[in-house]
Protein chains: 2
Amino acid sequence: MATKRTRRHPVRQTTISDIAELAGVSKATVSRVMNGVPTVAEDIAERVRAAIDELGYTPSQTARSLSLGVSRTIGVLVPDLSNPMFHQVLHGVHRAAAADGYRVLVADTLEDEAGEAASAIDIRNRTDAVVLIAPRMTRPELLDLLPRVQPVAVVNRTTGRNAAVAQVDYATGIQTLAQHLVDLGHERIAFLSGPEASRSNHERLRGLIAFRETHPDIEIRELACGSGFEDGYRAWDAVRGSGATAVLAFNDIVALGLLGRLDEEGVRVPDDLSVTGFDDIPFSRYSAPPLTTMTVDLPGVGAAVWRELHDEIGGGLRRDPVVFTPALTVRASTGPRP
Amino acid sequence: MATKRTRRHPVRQTTISDIAELAGVSKATVSRVMNGVPTVAEDIAERVRAAIDELGYTPSQTARSLSLGVSRTIGVLVPDLSNPMFHQVLHGVHRAAAADGYRVLVADTLEDEAGEAASAIDIRNRTDAVVLIAPRMTRPELLDLLPRVQPVAVVNRTTGRNAAVAQVDYATGIQTLAQHLVDLGHERIAFLSGPEASRSNHERLRGLIAFRETHPDIEIRELACGSGFEDGYRAWDAVRGSGATAVLAFNDIVALGLLGRLDEEGVRVPDDLSVTGFDDIPFSRYSAPPLTTMTVDLPGVGAAVWRELHDEIGGGLRRDPVVFTPALTVRASTGPRP
DNA sequence: ATGAAAGCGCTAACAC
DNA sequence: GTGTTAGCGCTTTCAT
């Protein structure tokens, strides 16, 4: 008989064996009690429960997942938790998944594009599936990653049917906004563009190119900007230089940053300048003035992506990508051309 | 010879055995290659790597954690990811933990107080430790939970030395704000209080009671409000009714909501009314007008809490609670009494 | 340098 | 109804 191997583990919580021993039953019985299997004699079950209580036992999810081959948990990868747009989607995923009895674990990549794939693989290897929200990685990297993390769903990126997809139609949305400004009489419009690498920024650009073709008389000037408050704040000089009477900001955050600057500069909105955002984050209704923007059903996007993912976990067929078309929400930040 | 047990697992990813078989080596060798153990012959290692590549193998973190008894991952429980205050703390935890080679998994409880303890236990049972950010549960529930999820750290709750703690000194902070308003000549001040159950709200209240004692001539009226934009927006009627010339809002969000309403009502800030926030969330510098508030080093709180937790994971002694004192940041939303 | 096998904590098939 | 035991995928000791 070989002597017992010794492998000291750093932490030793209470395990099912401790309960079994204390209650004087087998591990199987403890497991049955824990999982509510009804074929356990009431007096035995009671003894087990007492032991569980006494030792404060909670089963290791790690061991459970390994044994079951399933964790009923999904991972969500977010580039930046501080962006309200992302956590609205996250919220939608969360609610929908919870309704189906799934837990959600979130990993924030802190906009570290390099570590994105590794994070995705890591979280996938602890969960049953992952959703990638607006991943920053390049398309080849994404296409390389997807097969390694199936089942997987992706928000706001195209994947050529290599994953479930839900996305927002930014191209159409930005045109709706532009049309709104044109209807108000504006002829010179500035577009504060987002990050160079952003797919959704390209979509907007694509939309504006289409818009120009149908409106040759309207001038739309692209101004490099960014996606943060500070970017919008700093964009004022460029906007002033452009002679525009209206601004299409990349998103609400940028618009809000610009609004702050305009207030400081004494520029009246919308009397002197009209400003629009995109996404309709919760704060946009409370800014001074309230922001005209495109409202996107972000929680709906999250719910849709979960539905697709859930199908895939269940082995169902992949559906077609779900496209959300945003709706114009007119508030007080836009008005007639001065 | 017993027949092989069959237990069909829902999903079957590539495992270490597949690699071992394909490369014609033992699982131990594959494990060594995966973990960079140097005692593997180069040609063998090469064969293993080829197999790994061919099958796109990534090790199950679940199995790994179970075997190692450690995952180098911590869980962070947040009541509401959409609150910038929380994800700033989260950000601090994340950066600090990452620097020590730990991954961070986030669970959002969606303000579901009832499910909080269960979520904490669940995430703890997949990770090496947890941090609870401003848990909503009652004190008895919290004290009952803490021993079951050690090592654990808590932000903005007291635990009587049952956990590592980092917290913000709201009582002192709100007094600093009140003093700032008094220095500007205000004598009637409204305090828009936060949620009934909020510990930090009680702290503020405590601070204001102390303030009243040292300033018997100043009237500070408490107005029930809440913690969201909408709460601040709706508070206007009560504020007007109170005759106050300055408002201490529960936090920045409430202040921002109120600012939005004041703009709509044509009330000038700070000429007609001064407004302060608390937390200094990123947007507060860009509002119209920029918000006077208490700046809290939220990422610092996160980093501190990680440091304590890291010590505990390493088996170190518990340190004293870390207290962060916020600093007054004066911007344009406060001015002399009208 | 490599492999065989034990063991991490749990579940479930099977035997009694 | 309850216990025994194999096995989930991995790491690591021990033997070779």
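All chains are named by letter (A, B, ...) in the order of the sequence lines, taking the proteins before the strands, and each is independently numbered beginning at 1.
Note: CD (A:E21) to P (D:dG3) measures 14 Å, nearest angstrom. Rounded to whole Å, the distance from CD1 on B:I19 to C1' on D:dT11 is 16 Å. The CG atom of B:D122 sits 15 Å away from the C1' atom of C:dC10 (whole-angstrom rounding). The CZ atom of B:R126 sits 14 Å away from the C1' atom of C:dC10 (whole-angstrom rounding). One can place CZ of B:R72 at 15 Å from P of D:dT11, the figure rounded to the nearest angstrom. One interatomic measurement links the two molecules: CG of A:L66 to C1' of C:dG7, which rounds to 12 Å at whole-angstrom precision. Look at CD1 on B:I16: it is 14 Å from P on C:dA4, rounded to the nearest Å. Regarding B:N125, its CG atom lies at a distance of 17 Å from the P atom of C:dC8, rounded to whole Å.
Side-chain atoms of A:P59 lie closest to C:dC10 of the nucleotides C:dG9, C:dC10, D:dC10. Checking D:dG9, D:dT2, C:dA5 against the side-chain heavy atoms of B:A28 singles out C:dA5 as nearest. For B:R64, the listed nucleotide lying nearest its side chain is D:dT11; candidates were D:dG9, C:dG9, D:dT11. If you check D:dC8, C:dC8, C:dA4 against the side chain of B:S26, the one that comes closest is C:dA4. The side chain of B:K27 sits closest to D:dC10 out of C:dT2, C:dA5, D:dC10.
In terms of the salt bridge (charged side-chain N to carboxylate O under 4.0 Å, His left out) criterion, A:R72 has no residue partners (sequence neighbours excluded). With sequence neighbours left out, the side chain to side chain donor-acceptor pair (under 3.5 Å) criterion links A:T159 to no other residue. Residues meeting the salt bridge (charged side-chain N to carboxylate O under 4.0 Å, His left out) test with B:R126, sequence neighbours left out: B:D122.
Taking CG from B:L66 and OG1 from B:T62, the interatomic distance works out to 9.0 Å, rounded to the nearest 0.5 Å. The OG atom of B:S119 lies 7.0 Å from the CG atom of B:D112; values are rounded to the nearest 0.5 Å. We find the CG-CH2 distance between A:D100 and A:W306 to be 5.5 Å, quoted to the nearest 0.5 Å. Of the inter-residue distances, the one linking A:S200 atom OG with A:M85 atom CE reads 7.0 Å to the nearest 0.5 angstrom.
Both B:G24 and A:S60 sit near DNA chain C, but only B:G24 has its closest nucleotide nearer the 5' end.
Near DNA chain C, meaning a heavy atom under 4.0 Å from it, residues 29-37 of chain A has A:S31, A:R32, A:N35 in order of number. Near DNA chain D, meaning a heavy atom under 4.0 Å away, there are no residues from residues 41-49 of chain B.
Residue B:S67 places a side-chain atom within donor-acceptor reach of the base of C:dG7, judged by atom type and a 3.5 Å distance cut-off alone.
Of the N and O atoms on the side chains of A:N125 and B:T58, at least one donor lies less than 3.5 Å from an acceptor on the other residue.
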Checklist entry - Going through the checks in order, is the side chain to side chain donor-acceptor pair (under 3.5 Å) test met by A:N162 and A:R318? => result CA-CA 9 Å; A:N162 291 300; A:R318 177 117 67 225; 5.7 Å; no
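The stretch residues 139-150 of chain B participates, sequence neighbours left out, in these side-chain hydrogen bond (donor to acceptor under 3.5 Å, both in side chains) pairs: B:T138-B:E141, B:R139-B:T158.
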